[in-house]
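Beneath this line is the structure, given in C-alpha cells, with notes to follow.
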Amino acid sequence: MSSMKAIKKRITSVNNTKKIMKAMNLVSASKLQKAKTRLDHIRPLFDNLNVVMDTIKKGLDSDTELAFAQEREVKNIAYIVLSSDRGLCGGYNTNISKEALAFIDANHSKTDKQEKILAIGTKGWEYFKRRGKNIVFRNPGPSEATSFADAEVLGNKIAQMYTSGEADEVYIVYTHFQTILAHVPYIVKLLPIRTETSVPASNPVQMTYDPDAKSFMEHAVPMYLNISIYGAMMESAVCELASRMTSMDSATRNATDIIDDLTLEYNRKRQGIITQEITEIVTGANALQ
C-alpha cells in the first residue's frame, strides 16, 4: 500500500494537472465564442451558395461546355481532409479521419482509381501516413485564426488539379458544427460541380452573362470553391475548439474525483497511524503500572 508521502505527492501532481486542464478549458471557451461568431457570419453565404450555383447552372444552355462541370471517366479522386494540428480534443481527429478512411476505401476497394489525399492538419496527415495512403499535399490545420487566404490557396490547388487532369473528382471531408456536443462528419463533392438543381421547374430562370456563360462560370466556380472550403474550415475550427473545451472540462472533473479519492485514502492512513500510536502509548502506560 502506498505511503502517505507518495499519496501526498500524487495529490499535488494531479492538482497541478487539474489547474492546467482548467486553464485550457477557459482558453478554449473564450476562443470558441470568437470562432462561433465568425462562423455565424459566414454560414448564410456558405449555406446558400449551392442554391445560387444551382440557379446559375439551370440558366445555362445545355450545349455550354464548362471546364468544372465535365463528366469524364473517373481515374483519380482527390480528398481534402480537414483535421487539427493539436490533440487534447476528444475524438474530433479520430472521428473525421475514420470517416474519411472508410469513404476512401469504399471508393477504391474494387477499382483501379487512384486516391490523392490533401491532408489539412497534422493529425490527419499522421493518420493516413501510418496507413500508407497517397498524400499529395500537406498543410497546417484550420484554427481560430483561419483566413480566407488559406482557403484560396487550397481552392487554387484543387482547381489546378482538376483542370490539368490530376483529379477527376474532388471531395472535401470536414466536421460540421451543430451544437457544443454534436459534431457530424460531412463529405461533400466539390468537383465537378453538381448538375442537379433545387430550383422548382415551374420557375424558369432567365439569365444573361457578360461576356458569355463560359467565361462567367470559369470565374464563378473558383470563387465557389474558395468560399466552400473556407466555410468547411470554419466549421472544423469551431468543432475542434468545442471538442477541446468539453474534453478539458471532463478532464478537470475527473481530476477532482481522483483528488477526492486520494484525499480520502490519505486521511484513512493518517487516522490509522494516529490510532496505532495511541494504542502503543496506552499499551506502554499499562505495562508500567
Q) Would Ile229 and Phe177 show up in the same hydrophobic cluster when neighbours are defined by side-chain heavy atoms closer than 4.5 Å? A) yes
Value for CD1 (Ile258) from OG1 (Thr17), rounded to nearest 0.5 Å, stands at 9.0 Å
Exam field: side chain Thr163 to backbone Gln160, donor-acceptor pair closer than 3.5 Å: yes
*Hey, are the side chains of Ile187 and Glu99 touching, using non-hydrogen atoms and a 4.5 Å cut-off?*
yes
*asked:* If you define the side chain from C-beta out and look only at heavy atoms, does anything of His108 sit under 4.5 Å from Ile77?
replied: yes
Contacts of Ala29 meeting side chain to side chain contact (heavy atoms under 4.5 Å, CB included) (sequence neighbours excluded), chain-then-number -> Met245
One thing to verify: whether Arg244 and Glu240 come together as a salt bridge, which I'm taking to mean a side-chain N less than 4.0 angstrom from a carboxylate O. yes
Across all chains, not counting sequence neighbours, the salt bridge (charged side-chain N to carboxylate O under 4.0 Å, His left out) partners of Asp257 are none
Closest non-hydrogen atoms of Gly87 and Lys123, given as atom of the first, atom of the second and distance, are N-CE, 3.6 Å
By ring pair (Phe, Tyr, Trp, His ring centres under 6.0 Å), His176 pairs with (sequence neighbours left out) Tyr186
- Message: Same cluster or not: Ile117 versus Met233, using hydrophobic residues (I, L, V, M, F, W, Y) connected whenever any side-chain heavy atoms lie under 4.5 Å apart?
- Response: no
Under 4.5 Å between any side-chain heavy atoms of Leu190 and Ser228, yes or no? yes
### Query
Does a side-chain heavy-atom distance below 4.5 Å link Thr175 with Val184?
no
By side chain to side chain contact (heavy atoms under 4.5 Å, CB included), Ser250 pairs with (sequence neighbours left out) Arg253, Asn254
From the list Ile80, Val188, Ile120, side chain to side chain contact (heavy atoms under 4.5 Å, CB included) partner of Tyr174 resolves to Val188
- Query: Could you go step by step and tell me if His183 and Gln178 meet the side chain to side chain contact (heavy atoms under 4.5 Å, CB included) rule?
  - Reply: CA-CA 6 Å; His183 317 135; Gln178 291 185 335; over 6 Å; no
So Lys19 and Asn15, do their side chains get closer than 4.5 Å, heavy atoms only? yes
In short, ring-ring contact (aromatic ring centres under 6.0 Å, His included) pairs touching residues 249-284 with sequence neighbours left out are none
Between the OG atom in Ser147 and the CE atom in Met234, the distance rounded to the nearest 0.5 Å is 10.5 Å
Closest non-hydrogen contact found for Leu82 with Tyr92 is O-OH, 4.2 Å
With sequence neighbours left out, the residues meeting side chain to side chain contact (heavy atoms under 4.5 Å, CB included) with Thr256 are Lys18, Asp260
Heavy atoms of Tyr162 and Pro192 approach each other most closely as OH-CB, 3.2 Å
**Asked** Going by the angle between their ring planes, with limits at 30° and 60°, are Phe103 and Tyr171 parallel, tilted or perpendicular?
**Response** perpendicular
What one should report as the nearest heavy-atom pair of Val238 and Ala35 is CG2-O, 3.6 Å
* Compare all side-chain heavy atoms of Lys34 with those of Lys31 and state whether any distance is below 4.5 angstrom. => no
Review point. Does some side-chain heavy atom of Arg270 sit less than 4.5 Å from a side-chain heavy atom of Ile274?
Key: yes
Rounded to the nearest 0.5 angstrom, the CD-OG1 distance for Gln276 and Thr283 is 10.5 Å
Derivation and outcome, side chain to side chain contact (heavy atoms under 4.5 Å, CB included), residues Leu181 and Thr246
CA-CA 8 Å; Leu181 299 176; Thr246 54; 3.6 Å; yes
Group every Ile, Leu, Val, Met, Phe, Trp and Tyr by side-chain heavy-atom contacts under 4.5 Å, then state whether Val81 and Val153 land in the same group.
-> no
Residue pairs meeting salt bridge (Lys or Arg N to Asp or Glu O under 4.0 Å), one or both in residues 227-239, sequence neighbours left out, come to Arg43-Glu235
**Item:** Test item: Ile158 and Leu118 side chains (from C-beta on) under 4.5 Å apart, heavy atoms
**Value:** yes
Asp168/Lys75 ion pair, N-O < 4.0 Å = no
- Query: Under a 4.5 Å side-chain heavy-atom rule over Ile, Leu, Val, Met, Phe, Trp and Tyr, are Met21 and Val14 clustered together?
  - Reply: no
Nearest heavy-atom approach of Leu32 to Ala242 is CD1-N, 4.0 Å
Tyr230 meets the ring pair (Phe, Tyr, Trp, His ring centres under 6.0 Å) criterion, sequence neighbours left out, with Phe148
- [ ] List the steps, then state whether side chain to side chain contact (heavy atoms under 4.5 Å, CB included) holds for Ile7 with Lys269.
- [x] CA-CA 10 Å; Ile7 295 175; Lys269 291 182 74 66; 3.4 Å; yes
Those residues at least two apart in sequence (or on a different chain) that pass side-chain hydrogen bond (donor to acceptor under 3.5 Å, both in side chains) with Lys113 are none
Nearest heavy-atom contact between Cys89 and Ser84 is SG-OG, 4.2 Å
Flag yes if Met161 and Leu191 sit in one hydrophobic cluster, no otherwise; membership is Ile, Leu, Val, Met, Phe, Trp, Tyr, and two members link when side-chain heavy atoms are under 4.5 Å apart.
yes
Check whether the side chains of Asn107 and Tyr79 place a donor and an acceptor atom closer than 3.5 Å, and report yes or no.
-> yes
Separation between OG (Ser236) and CD1 (Ile96), nearest 0.5 Å, reads 6.5 Å
Residue set satisfying salt bridge (charged side-chain N to carboxylate O under 4.0 Å, His left out) with Glu169, at least two apart, ordered chain then number -> Lys189
Taken in chain and number order and not counting sequence neighbours, the residues that satisfy side chain to side chain contact (heavy atoms under 4.5 Å, CB included) with Thr263 are Ile11, Ile259, Asn267
One should read off an interatomic distance between Ser83 OG and Phe128 CZ, to the nearest 0.5 angstrom, of 8.0 Å
Rounded to the nearest 0.5 Å, the CG atom of Leu241 sits from the CG atom of Leu39 at a distance of 11.0 Å
Whether the side chain of Lys116 engages the backbone of Ala167 through a donor-acceptor N/O pair (distance < 3.5 Å, no angle test) should be reported. no
Could you give the side-chain donor-acceptor pairs of residues 130-138 under 3.5 Å, partners two or more places apart or in another chain?
unit_1	atom_1	unit_2	atom_2	d
Arg131	NH1	Tyr127	O	3.0
Lys133	NZ	Asp105	OD1	2.8
Asn134	ND2	Glu115	O	2.9

